[in-house]
Protein chains: 2
Amino acid sequence: MSQTQMMKGIIDGCLLAIIAKKECYGYEMAESLSEYGFDTISEGTIYPLLMRMQREGLVTSVLRNSTAGPKRKYYSLTSEGKQELTEFQTRWFQLEKCVNAVIKEGI
Amino acid sequence: MSQTQMMKGIIDGCLLAIIAKKECYGYEMAESLSEYGFDTISEGTIYPLLMRMQREGLVTSVLRNSTAGPKRKYYSLTSEGKQELTEFQTRWFQLEKCVNAVIKEGI
DNA sequence: TCTCACTATCTTGTATTACAAGGTATATAT
DNA sequence: ATATATACCTTGTAATACAAGATAGTGAGA
């Protein structure tokens, strides 16, 4: 069992939460997740997720010039994305409650 | 994004926690997880996980007669299993902290 | 008796996931 | 020139959770 496996399905929601705070690009999100305390999350994980969420209509993107490298693809939430974030938060709090119940209490 | 995806990698640890409380068999663990508030977790999920964890030396099993159906395969934690449970708890609390930070706070 | 419901385990096939590894390309500093 | 940091993307792989279904024992009621 690895930290990796425990992450499954949760990174998506965290990316939505990060984008909700401010318009943001993939490379920046990877750094942001590290600052929040996550183990380094590969760009090979993040970029496909962003592309899938765009395909699903949860986010939109625009290219903007950077002063320090190639163009950045900035993502924003759509209204569907905002709704999905809300639903993710609900699922997360539910999961948190259940796992803590199993871990901490006796039957 | 589904509840399903968010579960990935977490069920293992919850099973270890349930077995730690008392010797337990697969079918019973499925019911137990429901009582803890989890959405129904398929037996097609649980049995392969138990078999994998046995293969990895985290649990052992014994067959015992049942008064109400076929024999039950009761699982117990090995010392490796106990250690893995401890490590799972550490990883879980870390994950919990990080996800809540992303969801709740601004940068 | 026979059939239904419940108990209990396991297998097969599928979609999805996270990632390592590597490729491509731009900008700045040395 | 070349190195470093920035920035995006693709390919191939191992693992995951599950739906669906196979198999089988037990007990209750028609």
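- In this structure, CG of B/D39 is placed 14 Å from P of D/dA17, rounded to the nearest angstrom.
- For B/R52, no side-chain nitrogen or oxygen approaches OP1 or OP2 of D/dA15 to under 4.0 Å.
- Using a distance-only test at 3.5 Å, with no hydrogens or angles considered, no donor-acceptor pair links the side chain of A/K82 to the main chain of A/A20.
- With sequence neighbours excluded, the residues forming a ring pair (Phe, Tyr, Trp, His ring centres under 6.0 Å) with B/Y74 are B/Y25, listed by chain and number.
- Nucleotide C/dT9 holds its C1' atom 15 Å from the CG atom of B/N65, rounded to whole Å.
- One axis for each end of the helix from C/dT1-D/dA30 to C/dT30-D/dA1, each built from five base pairs, and the angle between them comes to 10° at 10° resolution.
- Residues passing the salt bridge (charged side-chain N to carboxylate O under 4.0 Å, His left out) test with B/E43: none are found, sequence neighbours excluded.
- For A/S34, the side chain to side chain contact (heavy atoms under 4.5 Å, CB included) partners are A/T40, not counting sequence neighbours.
- A/T78 places a side-chain N or O within 3.5 Å of a backbone atom of A/L58 that can act as its donor or acceptor partner.
- Within the 4.5 Å cutoff, the side chain of B/L16 has heavy atoms near those of the B/V59 side chain.
- The side chain to side chain donor-acceptor pair (under 3.5 Å) search around B/T45 returns none, not counting sequence neighbours.
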Counting primed atoms, P, OP1 and OP2 as sugar-phosphate and everything else as base, the B/S/- map of nucleotides 2-13 of chain D against protein heavy atoms under 4.0 Å is ----BBBBB---

